[in-house]
Every structure is written in structure tokens, then in C-alpha cells.
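Let me begin by presenting the structure, written as C-alpha cells, before commenting on it.
A quick note: this is a predicted structure, and the numbers were derived from the prediction, not measured. These values consider heavy atoms only, across backbone and side chains, with no hydrogens, waters or symmetry-generated copies.
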Amino acid sequence: MSLSGQAQTNISGKPGLIYIPSAQQTGDGAFQFGYHYNPVRYGFRYNRRNSEGIYFANLTLLPRLEINVNLLRINNEKQRGKKGIGDRQLDIKYLLLKETPKRPSLAVILSAPFGIDNSLATNALVAGKTFRLGNNLYADITAGFGSPIYIQRDESEKSNYNIFNSLEIIHKKDLAYRYLSGPFGGFNVRFDNKAGFMAEWDSQHFNAGIYTTLFKRWTVQAAVLNFDQVTFGTSYAVNMLPLPRRVRAYQDPKGNNMEAAAPSEKEKLRNNFENLHVDSTARKVAYEQRLYRNPYIGMLEMQRVSGDSGVKEYVPMFQGVPLGAYRMDQKISYRTLAKDEVQVPRFLLNKYKLDFWLQPVFAANFGYREKTLQSNTSLLLQTQFYLWKGLALNAGVLFPVTNDLDNRPKIIRPAPIFLNQFLAFGKHFVSASAGYFYNDQYGVNVQYRHHDLSGPWSFGFEGGLTGLYYYTKTGIYYENMNNLLLVADAAYRLSRPDLTVKLSGGRYLAGDEGARLDLIRQFTNAEVGLYVMKTNNGTTAGFNFAIPIPPGKIAQGKKVRFRTGEEFRWEYSYTRGFRIGERYRTGYQLDQKLRQYHTEYLNKQRP
């Protein structure tokens with residue numbers, strides 16, 4: 001029996017055949033994205049009137065749990081400006097039973113009920129079994145039942161402030177196309193995971209097709225629906241858990257350190273670090289790196305640099321402030337530092353490179369029929385001046401790219417300019433900022449967090465007093481500093497698999513009060529979260545992610561460096577325009593920064 005499973009996806013982007021999903025178990029951290037074309041006669045939204053394009057992303061967020069996001073867009077619309085951005089849908093698949101030699105796998109799939117138009121509504125129970133037919137030849141059998149009803153909202157996108165408002169039961173028999181309504185089943189005969197032939201009954205029609213996977217990641221497929229019209233699609237698959245190949249070479253399969261780097265490599269790697277201090281007596285090395293979002297990569301590179309010097313503890317710093325001491329044994333351990341245990345200079349300006357980086361900024365509203373995508377996109381050229389221990393001045397220049405989100409002029413202007421003081425006292429951390437922040441707010445902000453970087457619990461508080469500002473062609477427009485932000489949170493980290501549950505609440509930027517629940521999964525170099533939120537202004541849900549920005553280092557010398565930013569962070573909210581739980585950014589959020597240094601996150605990257 002093959003346990004790896006094929007990369008084939010169904011019409012909505014889930015592992016499956018052509019239209020039907022499967023109960024296939026996907027690997028933890030598996031991520032696929034792609035596109036499918038659906039022909040006119042089998043259109044879900046406007047059956048026999050328009051063909052459709054379906055864009056999707058599918059992520060195995062937790063073992064057994066998949067999250068699928070898809071967007072169905074109508075092709076060849078006859079009345080422009082009537083279709084909106086398309087039908088957005090969120091589906092959840094949970095594997096109830098894993099396949100064994102004697103037992104099939106069993107999964108349940110549910111579509112989120114807060115959609116306004118869920119053309120691909122999938123509420124189904126599905127089972128699957130794999131049989132080995134010969135050398136590298138397998139047959140995957142799938143059977144299931146799709147619910148003839150589903151829940152959606154009878155709501156307009158312009159009054160979309162409560163995702164649990166106006167819920168109603170929809171009978172698929174009343175729709176132009178009954179997708180997955182009743183029994184369905186099919187099979188896939190495949191040669192390993194490289195190519196296959198599929199046939200299915202999708203509860204309405206017989207379909208048959210073929211697919212092939214190229215370079216182990218890219219899948220192309222085509223099928224004939226009901227022996228009538230052709231559908232086709234493509235997808236690309238990656239896994240978000242392995243380290244980059246060049247970094248995996250720094251450690252052996254048991255997690256032991258490899259031998260020290262050659263002198264030429266050592267000098268090259270040393271140039272990636274700043275404010276470097278080696279204490280040969282205490283066998284510690286303190287350093288700071290600003291190239292990688294993932295601090296574990298910096299730790300491995302520092303091992304390569306100091307592998308033959310007897311160093312036993314590694315002390316990463318942030319803005320010149322030590323965060324703690326880590327021992328890089330087979331299992332990484334952490335301890336807090338005693339006061340003044342690591343002596344670093346207070347004046348920092350001459351200890352750091354003149355560092356410049358490019359940072360994209362993107363804000364958007366989706367869904368209005370008159371304007372399907374309203375966006376504000378900019379590119380920032382930024383720099384930091386480390387003035388004192390923990391104190392940094394952030395500055396730069398903003399270059400506008402597009403803006404149809406508001407009526408503010410597209411002019412080159414200063415990027416957010418603010419001072420930030422970072423402090424660390426054992427398990428207590430503080431970030432205090434003053435100046436011009438992101439999201440057009442100026443003022444002061446203080447964040448505090450109690451966080452044991454080897455324990456499950458953390459607690460935090462954030463307070464700020466800000467006002468609106470933005471640049472005009474003649475100067476800066478200000479409003480009074482009367483926006484009070486007061487938010488407290490408690491977070492608990494589950495060791496398996498790097499999942500943080502965070503409950504926060506308080507007063508938000510628009511003066512609304514409420515609470516928010518986040519589920520945050522850390523992968524090796526990325527982070528993905530789901531959330532639901534309720535305040536006085538409404539109820540919403542969405543997702544967010546943070547990913548590194550390639551290529552990272554662009555050019556570097558001993559005194560100057562040019563690179564891309566450490567990460568791009570973005571959040572999607574299903575509702576928009578109602579100011580539900582809005583916040584602003586001050587360069588970094590304290591809890592987001594600190595959980596990157598948690599020992600369990602680091603140890604998950606050890607072999």
C-alpha cells in the first residue's frame with residue numbers, strides 16, 4: 001500500500017478525482033495551489049450560460065486537518081461589473097479514520113456556513129482504500145455521500161458585517177447544478193504517483209480523465225464530463241516543513257553538528273552577522289542576524305562559524321538585546337540570562353551594517369460588484385539605525401504602486417518613521433514605540449509580554465494612543481490623538497504540532513470592544529492562522545499568514561547590505577468596511593517575534 005498519496009486535485013482543489021473529493025491522508029504541511037476550468041454546460045453558478053475558472057489553495061494545517069480556500073470566477077460575463085470578485089469559499093476536511101491494511105480511510109468535509117454564495121458547497125462523508133495491483137501500480141477507490149442541503153447567508157456584500165446573520169438552508173435540488181448531492185464514487189488507477197487514469201460518478205454524471213505529475217510537484221490534468229465537454233486544470237505542490245536544502249547540510253540526520261566550515265565559508269557566513277561577541281571563558285557567543293525570518297537558520301550558520309571554538313551556548317539578540325542562551329545539542333535547550341551575563345555595548349551605531357531592505361505593503365477590499373478588487377499597494381525602501389541598546393530608529397521611503405482603495409494621492413513620501421525601544425528581563429519583554437506607524441496612525445504604543453520561551457503559556461498587553469495622519473500633495477494631514485487601543489491576551493502553545501491558541505480582547509482602533517480567538521500554526525519558514533472575532537461593530541472570520549520574502553540577501557559588504565524584508569505578513573477578513581477589530585502595526589508585534597524563538601519551534605526543525 002502506498003502511503004504518500006497522489007497530487008491529483010478535484011475541481012475545488014481538494015485531493016480527489018475530477019469532481020469528487022477523496023479521503024486521502026495528506027502529509028502534514030502539504031500545500032497545493034492551482035486552477036481548474038469548468039465548461040459552460042456544467043457551470044455551477046450559471047449553468048449552460050457561462051464557463052468558470054476556479055482558483056484554489058489547499059493546506060494541511062494540522063495532521064488530519066485540511067483547509068481549502070477557493071474562488072470561483074465567471075468567464076465571459078455579459079454584463080460587466082455584475083459578478084464581483086467571485087464566489088469565495090472556505091472548506092474544512094477532517095480525517096476521522098486513517099487507512100490501515102484492513103480498514104479504509106474516512107473523512108468528513110464541511111463548507112463554512114458564512115458564505116453568501118457557496119457554489120461549490122461540499123458537505124460530505126467520504127471513504128477511500130488503496131490496493132496494490134503490481135509493481136508501482138495502485139488503485140485508489142473512493143465512495144461517499146454528499147448532503148442535499150447546505151447553509152449559507154441571505155445577505156448582500158454591502159451589509160456584510162455579521163457572518164452569522166441571515167443564515168438559511170439551501171436545497172441543492174433548487175439549484176441549476178446539484179454539486180455532490182447524493183451518493184458518489186470512483187477510482188484512480190495510477191503508476192506510483194506519476195500518472196493515472198480516473199473515472200467517477202459525481203452524483204450527477206459519469207466523468208473520466210487522466211493526469212500526470214512532473215518534477216514531483218507540478219500536476220496537469222484533463223477530463224471529459226459526461227462524455228460531453230472537457231475540463232482541465234493544474235496544481236503545484238510543496239511541503240512547508242523541511243528546511244532549505246542548503247541548511248539541511250549543516251546538520252547530520254541525528255541533529256549533531258557537522259564539522260566546522262572551511263575558512264573561506266566561515267568568513268562568508270560571518271559576514272551575515274552583526275554585533276558579534278565571543279566569550280571564550282564562558283563558552284558563549286552572542287550575535288544578531290537580520291537576514292532570516294527563521295532564527296534557527298542563523299543558529300545553524302553560527303555553529304558553522306564557531307564549530308571549532310568550543311562554544312556551547314548561543315545567544316541571539318534583537319536590537320542589541322540578548323534574548324536568552326540556547327544549547328544546540330540533539331535537543332535544543334533554553335535558559336534565561338542573569339543580569340549583565342552577556343556584556344554588550346550600549347552604543348550600537350558602529351556595531352551594525354548600514355542595512356537597507358525592500359518591503360511590500362498590500363491592503364485590499366474584495367467583493368463589491370462595482371469594483372471587484374480595491375487595493376493599495378506600495379513598495380518601501382527601509383532602513384534602521386541602532387542607536388542604543390534596544391533602541392532603533394526606523395525610517396525609509398514609500399513608493400506607491402496602485403491605489404483605488406481611497407482617494408489619497410499616489411506620491412512618493414516618507415515611509416513610517418518611528419523609534420522603538422526593546423527590553424528583555426528574563427521572561428519579561430517590552431516593546432515601546434513612538435512616531436508615525438503603519439495603517440496611517442501616529443502616536444505612542446507599548447507592548448508587554450510574559451513569555452517563557454520553553455513553556456506553553458504566555459500573556460500580553462498592548463496599549464496605544466494614536467491619531468490619523470496621511471500625506472497630501474501639500475503636506476501632512478493630522479487628526480487629534482484620540483484613538484485609544486487597549487488589548488490583553490493569553491496564549492497557550494500545543495507542542496504537537498506547533499499550534500498556538502490565543503484569546504485576546506479589549507478596545508480596538510475604531511473604539512469597538514470585543515474579543516478574538518486565533519489558531520496559529522508555525523511551519524518551518526512560514527506561519528498560518530485562522531481567526532474569528534466579535535466586537536460591537538460586527539462579527540467576522542478570516543485567515544492570515546507570514547512568509548519570507550525572496551531572495552533575502554541581494555548584495556552585502558562588511559559595512560553595507562541590501563536585501564528584501566524578513567517577512568510579508570497579510571490578513572484576510574471575510575467582511576470589510578465595518579471596522580471590526582482594527583489595529584495598526586509598529587514594525588513588529590511582540591508575540592509574533594517571540595514565538596519564533598520558542599524551543600519547541602526550533603526543535604521541530606531538528607532531524
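Side chain of D404 to main chain of S375: a donor-acceptor pair is present (N/O by atom type, distance under 3.5 Å, no hydrogens or angles).
Summarising the geometry, atom CG belonging to L323 is positioned 7.0 Å from atom CG belonging to L594; distances are rounded to the nearest 0.5 Å. The line from CG of L602 to OG of S454 is 11.0 Å long, rounded to the nearest 0.5 Å. Between L62 atom CG and Y94 atom OH the span is 9.0 Å, to the nearest 0.5 Å. From N10, atom CG reaches atom CG of N68 across 8.0 Å, with rounding to the nearest 0.5 Å. To the nearest 0.5 Å, the span separating CG on N420 from CD on Q447 amounts to 8.5 Å. Interatomic distance, CG of D202 versus OH of Y42, reported as 9.5 Å (0.5 Å rounding).
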### Task
Could you walk me through whether T535 and D512 pass the side chain to side chain donor-acceptor pair (under 3.5 Å) test, one step at a time?
CA-CA 6 Å; T535 75; D512 55 327; 2.7 Å; yes
### Task
Go through D28 and T60 one step at a time and tell me if the side chain to side chain donor-acceptor pair (under 3.5 Å) criterion holds.
CA-CA 6 Å; D28 188 20; T60 305; over 6 Å; no
### Query
Is there a side-chain contact (heavy atoms from CB on, under 4.5 Å) between N403 and R408 once you walk through the steps?
CA-CA 8 Å; N403 183 20; R408 297 175 191 178; 4.2 Å; yes
### Query
Is there a side-chain contact (heavy atoms from CB on, under 4.5 Å) between K410 and V401 once you walk through the steps?
CA-CA 8 Å; K410 290 173 56 177; V401 179; over 6 Å; no
#### Entry: Residue pair S181, S203: steps toward the side chain to side chain donor-acceptor pair (under 3.5 Å) verdict
CA-CA 6 Å; S181 179; S203 80; 5.8 Å; no
### Query
Yes or no on side-chain contact (heavy atoms from CB on, under 4.5 Å) for W357 and Q384, after CA distance, side-chain angles and deciding distance?
CA-CA 9 Å; W357 70 92; Q384 276 181 318; 3.5 Å; yes
#### Entry: side-chain contact (heavy atoms from CB on, under 4.5 Å) assessment of F418 paired with Y438
CA-CA 10 Å; F418 57 94; Y438 296 87; 4.2 Å; yes
### Test ring-ring contact (aromatic ring centres under 6.0 Å, His included) applied to F164 and F114, step by step
CA-CA 6 Å; F164 299 117; F114 50 73; 7.1 Å; no
### Query
Would R569 and Q592 satisfy side chain to side chain donor-acceptor pair (under 3.5 Å), going step by step from the backbone distance to the final call?
CA-CA 11 Å; R569 186 174 289 273; Q592 295 169 356; 3.2 Å; yes
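For F33 and F56, the distance between ring centers is not under 6.0 angstrom. Checked against the 6.0 Å centroid criterion, the rings of F318 and Y588 qualify as a close aromatic pair. Taking the six-membered ring for Trp, Y55 and Y35 have ring centres closer than 6.0 Å. Outside the 6.0 Å centre-distance limit, the rings of Y436 and Y470 are not counted as a close aromatic pair.
Salt bridge D498/R493: present, at least one basic N to carboxylate O contact under 4.0 Å. For the pair R449 and D489, the salt-bridge criterion is met [side-chain N within less than 4.0 Å of a carboxylate O]. Between E600 and R496, none of the side-chain N atoms (NZ, or NE/NH1/NH2) sits under 4.0 Å from a carboxylate O, so this pair counts as no salt bridge. With salt bridges taken as basic N to acidic carboxylate O contacts below 4.0 Å, none links E582 and R516. No salt bridge links E566 with R293; every basic N to acidic carboxylate O contact stays at or beyond 4.0 Å. Using a cut-off of 4.0 Å between Lys/Arg side-chain N and Asp/Glu carboxylate O, R73 and D87 are scored as not salt-bridged.
For the side-chain contact (heavy atoms from CB on, under 4.5 Å) criterion with S51, the lone passing option out of T231, I74, N38, V40 is V40. In summary, of the residues considered (F545, F543, Y531), a ring pair (Phe, Tyr, Trp, His ring centres under 6.0 Å) with Y572 occurs for F543 alone. Under the side chain to side chain donor-acceptor pair (under 3.5 Å) rule, Y584 has a single partner from T466, D440, N445, which is N445. Applying the side-chain contact (heavy atoms from CB on, under 4.5 Å) test between N70 and each of N58, I11, L120, L90 identifies L120 as the sole match. Of the candidates F184, Y150, F44, F44 is the only one forming a ring pair (Phe, Tyr, Trp, His ring centres under 6.0 Å) with Y179. When each of Q32, K14, H36 is paired with T9, the side chain to side chain donor-acceptor pair (under 3.5 Å) condition holds for H36 and for no other.
Residues L358 and L381 form a side-chain contact, since some pair of their non-hydrogen atoms from C-beta on lies under 4.5 Å apart. Y469 places none of its side-chain heavy atoms less than 4.5 Å from the side chain of Y477.
Checking Q319 against Q421 by side-chain atom types alone, no donor-acceptor pair falls below 3.5 Å. With no hydrogens or angles considered, no side-chain donor-acceptor pair links N50 and N76 at under 3.5 Å. Side-chain atoms of N75 and E52 form no donor-acceptor pair, as typed in the model, at a separation below 3.5 Å. Defined by atom type and a distance below 3.5 Å, a donor-acceptor pair is missing between the side-chain atoms of E513 and N536. Between Q596 and Q522, the side chains place a donor N or O and an acceptor N or O closer than 3.5 Å (distance only, hydrogens not considered).
Note that R585 lies outside the cation-pi zone of F437, set by a 6.0 Å cut-off to the ring centre and a 45° limit from the axis.
When every heavy atom of R521 is checked against every heavy atom of P63, the shortest pair comes out as NH1-CD, 4.4 Å.
With a 6.0 Å radius and a threshold of 12 heavy atoms from other residues, nucleotides or ligands, K604 has its NZ atom above the threshold. Within a 6.0 Å sphere centred on CG of N480, other residues, nucleotides and ligands contribute 12 heavy atoms or fewer.
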